[in-house]
Amino acid sequence: MRVGIGYDVHKLKKGRKLILGGVEIPYTKGLLGHSDADVLIHAIIDAILGAMGEGCIGQHFPDTDPQYKDISSVKLLEEIGRLLEEKNYSINNIDSTVVCQKPKLTPFFDQMEQNISKALNVSILQINVKAKTEEGLGFTGTGKGISAEAICLIHKKV
């Protein structure tokens with residue numbers, strides 16, 4: 001068994017859609033980035049890559065490459081799912097946390113988990129998404145950005 005940890009953060013900006021876990025969340029601001037800036041999916045990708053010993057998201061999908069401009073991060077996650085298969089790994093589970101003061105994310109957890117499980121071709125029971133506020137502290141607490149952390153446990157297929 002191998003474990004990986006992922007982290008991502010993006011700045012909030014008016015005029016962008018807020019996409020988290022592949023779900024468009026109604027909000028006045030969205031995350032700034034080269035792709036759709038989905039911090040949750042990016043953290044999960046880094047956790048999976050870390051568990052496999054395959055570097056980080058920026059090595060696989062550089063933000064200097066125009067083919068990834070505004071791409072759905074779910075598509076990137078699907079690519080990582082194919083890499084897992086190619087390397088003969090299976091996911092045991094993924095646990096993740098999104099950190100933001102607003103908006104409230106609980107109503108969107110089920111759809112996020114469905115999107116992630118579908119992209120990786122695993123059971124929804126292997127995926128957990130939760131959220132925390134920072135009680136008004138730090139850049140997430142003051143509404144300047146959103147961050148996410150993820151941990152992934154994988155094993156070699158027999």
Side-chain angles (χ1 to χ4, degrees), residues 1-13 16-52 54 56-58 60-61 68 70-85 89-155:
M1 292 203 177
R2 296 175 59 103
V3 66
I5 299 170
Y7 173 80
D8 195 35
V9 61
H10 284 274
K11 188 185 306 186
L12 281 164
K13 181 179 180 186
R16 294 269 302 184
K17 292 180 181 178
L18 178 57
I19 310 290
L20 294 169
V23 177
E24 187 174 336
I25 312 287
Y27 194 56
T28 58
K29 299 176 186 174
L31 294 169
L32 183 60
H34 185 69
S35 66
D36 62 6
D38 187 331
V39 293
L40 175 58
I41 299 291
H42 293 183
I44 290 170
I45 288 172
D46 267 347
I48 295 168
L49 289 170
M52 288 192 294
E54 291 288 329
C56 70
I57 190 171
H60 291 263
F61 310 110
Y68 303 122
D70 298 323
I71 194 168
S72 165
S73 294
V74 172
K75 291 189 184 305
L76 304 180
L77 185 59
E78 290 169 353
E79 287 295 317
I80 296 305
R82 285 189 275 281
L83 181 62
L84 269 165
E85 270 297 310
Y89 283 109
S90 288
I91 292 174
N92 285 48
N93 72 299
I94 296 171
D95 186 33
S96 59
T97 305
V98 179
V99 182
C100 65
Q101 198 66 33
K102 290 180 183 177
K104 295 296 182 190
L105 300 178
T106 306
F108 306 100
F109 288 165
D110 289 344
Q111 186 61 54
M112 290 177 188
E113 290 171 353
Q114 287 176 26
N115 292 346
I116 295 161
S117 69
K118 182 179 176 189
L120 292 170
N121 198 28
V122 299
S123 166
I124 197 164
L125 299 174
Q126 294 168 273
I127 309 298
N128 188 57
V129 175
K130 55 193 177 298
K132 300 290 178 196
T133 68
E134 289 194 314
E135 304 299 325
L137 300 173
F139 69 91
T140 59
T142 58
K144 293 180 181 174
I146 295 177
S147 67
E149 299 174 350
I151 188 164
C152 177
L153 181 65
I154 63 172
H155 66 273

Any residue meeting salt bridge (charged side-chain N to carboxylate O under 4.0 Å, His left out) with Arg2, in chain and number order, not counting sequence neighbours:
none

If the threshold is 4.0 Å, N to carboxylate O, is there a salt bridge linking Arg82 and Glu85?
no

Give the intermediate values and the outcome of side-chain contact (heavy atoms from CB on, under 4.5 Å) for residues Ile116 and Leu40.
CA-CA 10 Å; Ile116 295 161; Leu40 175 58; 4.2 Å; yes

Does some side-chain heavy atom of [Y] sit less than 4.5 Å from a side-chain heavy atom of [X]?
X      : Y      : value
Ile5   : Glu149 : no
Leu105 : Val129 : no
Ile25  : Phe108 : yes

Contact list for residues 19-50, test ring pair (Phe, Tyr, Trp, His ring centres under 6.0 Å), sequence neighbours left out:
His10-His42

Can you give me the closest heavy-atom contact between [X] and [Y], atom names plus distance?
X     : Y      : value
Val74 : Ala119 : CG1-CB, 4.0 Å
Tyr89 : Met52  : CD1-CG, 3.7 Å
Ile19 : Leu31  : O-CD1, 4.4 Å
Ala47 : Ala150 : CB-O, 3.7 Å
Ile41 : Gly22  : CG1-N, 4.2 Å
Ala37 : Ser73  : N-OG, 4.5 Å

Show your reasoning for whether side-chain contact (heavy atoms from CB on, under 4.5 Å) applies to Leu120 and Ile48.
CA-CA 11 Å; Leu120 292 170; Ile48 295 168; 3.9 Å; yes

Between [atom1] on residue [X] and [atom2] on residue [Y], distance to nearest 0.5 Å:
X      : Y      : atom1 : atom2 : answer
Glu54  : Ile45  : CD    : CD1   : 14.0 Å
Ser35  : Ile57  : OG    : CD1   : 6.5 Å
Lys11  : Arg16  : NZ    : CZ    : 12.5 Å
Asp8   : Ser147 : CG    : OG    : 8.5 Å
Cys100 : Glu134 : SG    : CD    : 9.5 Å
Asn128 : Ser96  : CG    : OG    : 6.5 Å

Check the pair Ile80, Phe61 against side-chain contact (heavy atoms from CB on, under 4.5 Å), reporting the backbone distance first and the verdict last.
CA-CA 10 Å; Ile80 296 305; Phe61 310 110; 3.8 Å; yes

Please lay out, stage by stage, how Tyr68 and Leu76 fare under the test side-chain contact (heavy atoms from CB on, under 4.5 Å).
CA-CA 9 Å; Tyr68 303 122; Leu76 304 180; 3.9 Å; yes

Does [X] reach the main-chain N or O of [Y] with its side chain, forming a donor-acceptor pair under 3.5 Å?
X      : Y      : result
Gln126 : Ile91  : yes
Thr142 : Gly136 : no
Asp46  : Cys56  : no

Run the salt bridge (charged side-chain N to carboxylate O under 4.0 Å, His left out) test on Glu78 and Lys75 for me, step by step, so that the C-alpha distance in whole Å, both residues' side-chain angles and the decisive distance to 0.1 Å come before the verdict.
CA-CA 5 Å; Glu78 290 169 353; Lys75 291 189 184 305; 5.2 Å; no

Pairs touching residues 108-127 that satisfy salt bridge (charged side-chain N to carboxylate O under 4.0 Å, His left out), sequence neighbours left out:
none

Test salt bridge (charged side-chain N to carboxylate O under 4.0 Å, His left out) applied to Asp38 and Lys17, step by step:
CA-CA 10 Å; Asp38 187 331; Lys17 292 180 181 178; over 6 Å; no

State whether the number of non-hydrogen atoms from other residues, nucleotides or ligands found under 6.0 Å of [X] atom [atom1] is greater than 12.
X      : atom1 : value
Asn93  : CG    : yes
Lys102 : NZ    : no
Leu32  : CG    : yes

